[in-house]
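Reading through the structure tokens given below for one structure.
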2 protein chains.
Amino acid sequence: MTRVLVVDDEPSIVRALRINLTARNYEVSVAIDGASGLAAAARDRPDVMILDLGLPDMDGTEVIRGVRGWSSTPIIVLSVWGQESQKVAALDAGADDYVTKPFGMDELLARLRAAVRRASPAPDEPVVKTGHFTVDLAAKRVIRDGGGDISLTPTEWQLLEVLVRNRGRLVTQRQLLQEVWGPAYETESNYLRVYVAQLRRKLEPEPSKPRYLRTEPGMGYRFGD
Amino acid sequence: MTRVLVVDDEPSIVRALRINLTARNYEVSVAIDGASGLAAAARDRPDVMILDLGLPDMDGTEVIRGVRGWSSTPIIVLSVWGQESQKVAALDAGADDYVTKPFGMDELLARLRAAVRRASPAPDEPVVKTGHFTVDLAAKRVIRDGGGDISLTPTEWQLLEVLVRNRGRLVTQRQLLQEVWGPAYETESNYLRVYVAQLRRKLEPEPSKPRYLRTEPGMGYRFGD
DNA sequence: CCTGGGCGTTAAGGTTTTATCAAGATCACG
DNA sequence: CGTGATCTTGATAAAACCTTAACGCCCAGG
């Protein structure tokens with residue numbers, strides 16, 4: 001289910017969006033100012049954001065920059081008609097699209113679909129096989145060779161997913177922490193050690209001699225066979 | 001240089017776009033109907049397309065679908081005001097953005113920049129091959145010809161990275177020390193000797209007769225084959 | 001022939017980073 | 001409200017890494 005974060009302080013707009021989006025099977029969360037919008041983006045990891053530029057507490061482009069610092073989640077911006085320069089500033093700050101109020105719900109929904117579609121360009125090989133187990137990204141399953149599911153906790157799964165999507169490539173500790181725990185946890189590298197160890201215990205044939213979940217000391221981890 | 005394909009049959013718009021885009025250092029090509037637009041897209045491989053929906057020969061969404069069949073080049077659509085359903089159809093067909101005529105050139109340019117930025121996440125050419133090994137900057141990996149990873153420590157990587165990014169060029173000791181250890185270490189040329197030696201031991205077929213990591217006495221080092 | 005500077009090599013010490021374990025806190029669910 | 005699973009946090013031992021210093025080589029210049 002696609003998760004949408006709406007950042008807007010006008011109750012009528014929030015209400016309209018919530019109803020329409022929920023009816024179309026989006027999962028909607030709402031923030032009513034910039035600061036809580038940034039917090040919500042970090043916490044909820046929405047698949048797409050709808051952001052009103054006329055927020056009470058901070059400039060819309062600041063919010064965009066705040067999110068763009070660590071995430072490439074698509075951002076669709078809302079603003080009143082005629083603010084040409086604002087449009088330009090928002091797009092240059094990293095917004096993906098722009099809708100003028102009052103807007104037609106159909107248009108907004110179409111732009112939303114377009115944004116989400118653009119953002120997910122990875123319909124590639126959702127199944128990765130190694131010599132000892134198979135990871136099915138789409139089905140969220142790990143199957144041991146010779147049969148038998150390996151069950152992972154949500155955090156373990158997220159971590160494995162990031163590594164597998166970048167298989168062969170080194171993923172820095174920062175990036176892992178950011179993508180799994182959020183930008184506020186960039187320095188909590190202990191979490192990584194604990195969870196990498198758990199994954200190794202579940203996946204590796206010899207957990208003390210990791211073959212698939214490899215450590216690159218001082219840099220990060222790498223999934224590879 | 002970014003290549004833009006404009007598909008529009010209104011001479012005044014074509015002229016305005018050509019002037020403005022050329023002035024901003026885009027390379028502009030033009031087609032005046034849908035059929036030649038599709039042909040031009042296939043032939044020129046533009047980095048981004050600007051497409052007017054009101055073409056004489058075919059429906060705009062058909063053009064979009066035609067391009068989307070084989071390419072993910074960003075498409076920005078132009079159309080007259082008020083055709084709400086047309087917007088929706090175009091976005092759903094695979095357009096990336098939508099601008100209503102009459103439009104402000106600033107806005108169009110901003111949307112163009114946003115579209116190009118989204119589409120090109122990889123500006124680098126991060127793989128360098130020599131006769132004995134391959135350096136993949138993005139994956140932070142060195143692979144020996146004949147298979148087998150060579151693992152490097154963080155400092156070794158940084159040093160190798162600076163040299164490889166400047167391959168063929170002489171890099172002074174100062175520059176290396178500054179980029180790897182920081183400006184305070186400009187004179188610690190002993191560090192360089194230690195780490196260059198380590199890299200040679202790991203990479204060179206004959207470490208005592210360096211072929212890829214060459215010393216330029218009194219000056220610095222050079223990566224080359 | 002001697003001397004000194006630049007470079008290559010090596011290895012020990014100290015520091016930082018990582019693996020592993022275990023217990024307390026928190027969350028989800030009935 | 002209780003229970004089990006999951007997540008956080010801290011401690012400790014092991015491993016990897018960086019720094020530093022010493023020594024030898026080569027070559028140019030005195």
Side-chain angles (χ1 to χ4, degrees), chain A residues 42-45 140 142 149-163 170-177 179-182 184-223, chain B residues 140 142 149-161 163 170-174 176-182 184-222:
Chain A
R43 191 184 58 244
D44 299 347
R45 307 310 184 72
K140 289 218 190 304
V142 185
D149 275 32
I150 299 173
S151 82
L152 302 179
T153 71
T155 308
E156 287 166 4
W157 181 259
Q158 281 193 65
L159 180 57
L160 181 63
E161 188 164 338
V162 176
L163 286 168
L170 188 151
V171 189
T172 64
Q173 303 198 0
R174 260 177 91 132
Q175 191 182 339
L176 287 168
L177 287 164
E179 296 205 27
V180 177
W181 283 271
Y185 292 74
E186 264 186 9
T187 59
E188 298 287 340
S189 51
N190 212 33
Y191 287 17
L192 276 183
R193 296 193 201 104
V194 172
Y195 277 89
V196 168
Q198 279 171 2
L199 280 178
R200 282 176 178 154
R201 202 161 337 117
K202 293 187 177 182
L203 302 179
E204 292 276 0
E206 270 185 288
S208 58
K209 292 198 179 27
R211 176 171 163 193
Y212 303 110
L213 296 162
R214 286 188 287 197
T215 304
E216 302 281 351
M219 300 193 284
Y221 293 86
R222 180 199 308 274
F223 183 93
Chain B
K140 286 222 189 313
V142 185
D149 276 33
I150 300 172
S151 83
L152 302 180
T153 72
T155 308
E156 287 165 6
W157 251 114
Q158 286 191 62
L159 181 57
L160 181 62
E161 193 164 332
L163 287 168
L170 190 156
V171 189
T172 64
Q173 302 197 358
R174 255 176 110 109
L176 287 168
L177 287 163
Q178 204 169 302
E179 295 206 29
V180 177
W181 282 271
Y185 292 74
E186 268 187 4
T187 59
E188 298 286 340
S189 53
N190 205 35
Y191 288 14
L192 278 182
R193 293 191 207 103
V194 171
Y195 276 90
V196 169
Q198 280 173 1
L199 279 178
R200 282 176 178 153
R201 199 156 348 111
K202 293 185 177 183
L203 302 179
E204 292 279 359
E206 272 185 287
S208 56
K209 293 196 180 30
R211 178 171 162 192
Y212 302 110
L213 297 162
R214 287 188 287 202
T215 304
E216 302 283 350
M219 306 291 305
Y221 294 87
R222 179 201 307 273

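Residue numbers start from 1 in every chain, and the chains themselves are labelled A, B, ... in the order their sequence lines are given, proteins ahead of strands.
- Side chain of A:Val194, nearest nucleotide from C:dT18, C:dC21, C:dG6: C:dC21.
- Using a 4.5 Å cut-off on side-chain heavy atoms (C-beta onward), B:Thr215 and B:Arg200 make contact.
- An OP1 or OP2 oxygen of C:dG8 is reached within less than 4.0 angstrom by no side-chain nitrogen or oxygen of B:Tyr195.
- At the heavy-atom level, A:Val196 lies nowhere under 4.0 Å from the strands shown.
- Distance, B:Leu213 CG to C:dC7 P: 15 Å, rounded to whole Å.
- To the nearest 0.5 Å, the span separating OG1 on A:Thr172 from CD on A:Glu186 amounts to 9.0 Å.
- What separates CD of A:Glu206 from P of C:dA19 is a distance of 16 Å, to the nearest Å.
- A straight line from CG of A:Leu192 to P of C:dT18 spans 9 Å, rounded to a whole angstrom.
- Of all the heavy atoms in B:Pro154 and A:Met219, the pair that sits closest is CG-CG, 3.8 Å.
- Within 4.0 Å of B:Ser189, counting heavy atoms only, lies no atom of the nucleic acid at all.
- With respect to B:Lys140 and B:Glu161, a salt bridge is recorded, a charged nitrogen being found less than 4.0 Å from a carboxylate O.
- Along DNA chain D, the stretch of nucleotides lying under 4.0 Å from any heavy atom of chain A spans, 5' to 3', D:dT6 to D:dC17.
- Comment: A:Lys202 engages A:Glu156 in a salt bridge, judged by a side-chain N to carboxylate O separation of less than 4.0 angstrom.
- The phosphate of C:dC7 (OP1 or OP2) has a side-chain N or O of B:Arg193 nearer than 4.0 angstrom.
- Closest heavy-atom contact between B:Leu163 and B:Arg222: CD2-N, 4.4 Å.
- Distance A:Glu216 CD to C:dT16 P: 22 Å, rounded to the nearest Å.
- No engagement by A:Tyr185 is indicated, since no non-hydrogen atom pair under 4.0 Å with the nucleic acid exists.
- The side chain of B:Thr215 sits closest to C:dC7 out of C:dT18, C:dT9, C:dC7.
- Aromatic ring centroids of B:Trp157 and B:Tyr195 lie 6.0 Å or more apart.
- For A:Arg214 and C:dT17, the CZ to P distance is 23 Å, given to the nearest whole Å.
- A straight line from OH of A:Tyr221 to P of C:dT17 spans 13 Å, rounded to a whole angstrom.
- Between B:Arg200 and C:dG8 there is a side-chain polar atom (N or O) within less than 4.0 angstrom of OP1 or OP2.
- Here C:dT26 presents its C1' atom at 12 Å from OH of A:Tyr191, a figure rounded to the nearest Å.
- Here C:dC21 presents its P atom at 7 Å from CZ of A:Arg201, a figure rounded to the nearest Å.
- Using a 4.0 Å heavy-atom cutoff across all strands shown, B:Gln173 reaches sugar-phosphate atoms only and no base atom.
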